[in-house]
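Have a look at the structure below before the remarks.
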Amino acid sequence: MSSNELLEFRTSVRALLAKHATPAAVRAAMDTDLGYDPKLWTMLCEQVGVAALAVPEEWGGAGAGLVESLMVVGELARTLAGVPMLGSAVLGVQAILLSGDEQACARLLPDLADGSRTAALCWADAAGWDASGVTASDGKLNGAAHYVLHGAQADLLLVLTGDGLYETTADAAGVVVAPTPALDPTRELAVVAFTDTPATRIGTADPAALRTRLREIAWAALAAEQVGAARRCLEMTVEYTASRVQFGRPIGSFQALKHRMADMYVLVESAESTALAAAQAVAENSASAAEDVYVARKHCTETFSHVAAETIQLHGGIAITWEHDAHLYFKRAHATSELFGTGRRPVAAA
């Protein structure tokens, strides 16, 4: 999409979410088994086509790209809507595309693109995302994958093992899914265990290279998410300080608070630039992608954590009550700081 088209598309997504992903709706969805509103996900897929963005047209998609998908991730973060965009339409779709298996793409992507099916990527062990907790032998999977996004809600399971990417289903023999309590109540995580579970290998991509590439995509997506949520925190804070009156005047007029909000604004603006640079670098698979993603991961994490904390401080005691949304953003900030690992700065080639 061109810049103008991307802005128009973002406006459409934001308008739909403003109407259907209100704080009350998000809180109601948190208490359901799915953890998100399936009607909202259907609307996003059917009316806006969010799940189809990064899927090529030949496999039922819109043929847009990763940048557009990550823009949607950022917009969803503004409302904390827990639909399976990141887990299915970003990580799931990208894992299948990166496999290079055209038959698998033709078989799996159309249903993911129209939202009729969701995927969960199983690629972490109990210690994190540097190795898989699942092994594959003779077409059977054994072990357990941890921290699986929407693992208890997805029907297609994509499992990255030490020797390749495999496909199975949630109702396959030997699959046991256990939802995991999480710090962030707006995001569903699960442990998915396999015992002699039949699975089909997808493609012949090198698993180490595939893991590295997926980590870059995941970090770029998290950066987009952190910026979207941080900007909403800033907006909430400015709105509150403009209406909260002390000593006969809005507290936002006090110079000390103006300076703090100005610092928040600068952080969010710079974080947005690094997140966009990372998204474009990953989408183009540029030589600087690893460095750009690392910078975005660090800066956007620090920005969101700081802005969320300032939001709590500047709202006062009301911000830590269950009735106010500020604490949900604060929990999301801390949860995303650990999601997909923190990693090390990439070493430049000699």
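Note: hydrogens, waters and symmetry copies are ignored here, and every other heavy atom, side chains too, is used.
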Show your working on side chain to side chain contact (heavy atoms under 4.5 Å, CB included) between Phe9 and Val48 and close with a plain yes or no.
-> CA-CA 8 Å; Phe9 181 69; Val48 188; 3.2 Å; yes
Could you tell me the separation between the [atom1] atom of [X] and the [atom2] atom of [Y], rounded to the nearest 0.5 Å?
{"X": "Thr197", "Y": "Leu157", "atom1": "OG1", "atom2": "CG", "value": "9.0 Å"}
{"X": "Phe194", "Y": "Lys140", "atom1": "CZ", "atom2": "NZ", "value": "14.0 Å"}
{"X": "Asp155", "Y": "Asp171", "atom1": "CG", "atom2": "CG", "value": "8.0 Å"}
{"X": "Arg231", "Y": "Phe304", "atom1": "CZ", "atom2": "CZ", "value": "13.0 Å"}
{"X": "Ile202", "Y": "Thr204", "atom1": "CD1", "atom2": "OG1", "value": "12.0 Å"}
{"X": "Gln313", "Y": "Arg260", "atom1": "CD", "atom2": "CZ", "value": "6.0 Å"}

Are any of the side-chain heavy atoms of [X] and [Y] separated by less than 4.5 Å?
{"X": "Thr161", "Y": "Thr135", "answer": "no"}
{"X": "Met85", "Y": "Val50", "answer": "yes"}
{"X": "His150", "Y": "Thr118", "answer": "no"}
{"X": "Tyr294", "Y": "Glu216", "answer": "no"}
{"X": "Cys300", "Y": "Thr274", "answer": "yes"}
{"X": "Thr180", "Y": "His146", "answer": "no"}

For a quick test of reading the model, state the closest non-hydrogen atom pair linking [X] to [Y] and the distance between them.
{"X": "Met261", "Y": "Leu234", "value": "O-CD1, 4.0 Å"}
{"X": "Leu34", "Y": "Glu188", "value": "O-CG, 3.5 Å"}
{"X": "Ala62", "Y": "Glu57", "value": "O-OE2, 3.7 Å"}
{"X": "Ala182", "Y": "Arg187", "value": "CB-O, 4.3 Å"}
{"X": "Leu86", "Y": "Val90", "value": "O-CB, 3.4 Å"}
{"X": "Thr186", "Y": "Met30", "value": "CG2-SD, 3.7 Å"}

Taking a hydrophobic cluster as the set of Ile, Leu, Val, Met, Phe, Trp and Tyr residues connected by side-chain heavy atoms closer than 4.5 Å, whether directly or through intermediates, do [X] and [Y] fall within one such cluster?
{"X": "Leu97", "Y": "Leu91", "answer": "yes"}
{"X": "Ile312", "Y": "Met236", "answer": "no"}
{"X": "Val191", "Y": "Leu149", "answer": "no"}
{"X": "Val134", "Y": "Val192", "answer": "yes"}
{"X": "Leu222", "Y": "Val148", "answer": "no"}

Quick one: sort the Trp129 and Phe340 rings into parallel, tilted or perpendicular, breaks at 30° and 60°.
-> perpendicular
Would you call the rings of His315 and Tyr240 parallel, tilted or perpendicular if under 30° counts as parallel and over 60° as perpendicular?
-> parallel
Whether [Y] and [X] form a salt bridge (side-chain N of Lys/Arg under 4.0 Å from carboxylate O of Asp/Glu) is what I want to check.
{"X": "Arg332", "Y": "Asp184", "answer": "yes"}
{"X": "Glu68", "Y": "Arg10", "answer": "no"}
{"X": "Glu239", "Y": "Arg232", "answer": "yes"}
{"X": "Asp130", "Y": "Arg211", "answer": "no"}

Stepwise side chain to side chain contact (heavy atoms under 4.5 Å, CB included) test for Leu16 and Leu40 = CA-CA 9 Å; Leu16 189 151; Leu40 173 62; 3.7 Å; yes
Does [X] [atom1] have over 12 foreign heavy atoms under 6.0 Å away?
{"X": "Lys331", "atom1": "NZ", "result": "yes"}
{"X": "Glu102", "atom1": "CD", "result": "no"}
{"X": "Ile320", "atom1": "CD1", "result": "no"}
{"X": "Leu7", "atom1": "CG", "result": "yes"}

Evaluate side chain to side chain contact (heavy atoms under 4.5 Å, CB included) for Val83 paired with Asp37, printing each intermediate quantity in order.
-> CA-CA 7 Å; Val83 296; Asp37 181 0; 5.9 Å; no
Mind running side chain to side chain contact (heavy atoms under 4.5 Å, CB included) on Glu167 and Ile96 for me, showing each step along the way?
-> CA-CA 9 Å; Glu167 161 202 351; Ile96 296 169; over 6 Å; no
Thr237 side chain to Thr311 side chain, donor-acceptor N/O pair below 3.5 angstrom | yes
Counting N and O atoms only, with roles assigned by atom type, does the side chain of Glu225 sit under 3.5 Å from a partner on the main chain of Leu70, one being a donor and the other an acceptor?
-> no
Checking Thr303 side chain against Val268 main chain: does a donor-acceptor pair fall under 3.5 Å?
-> no
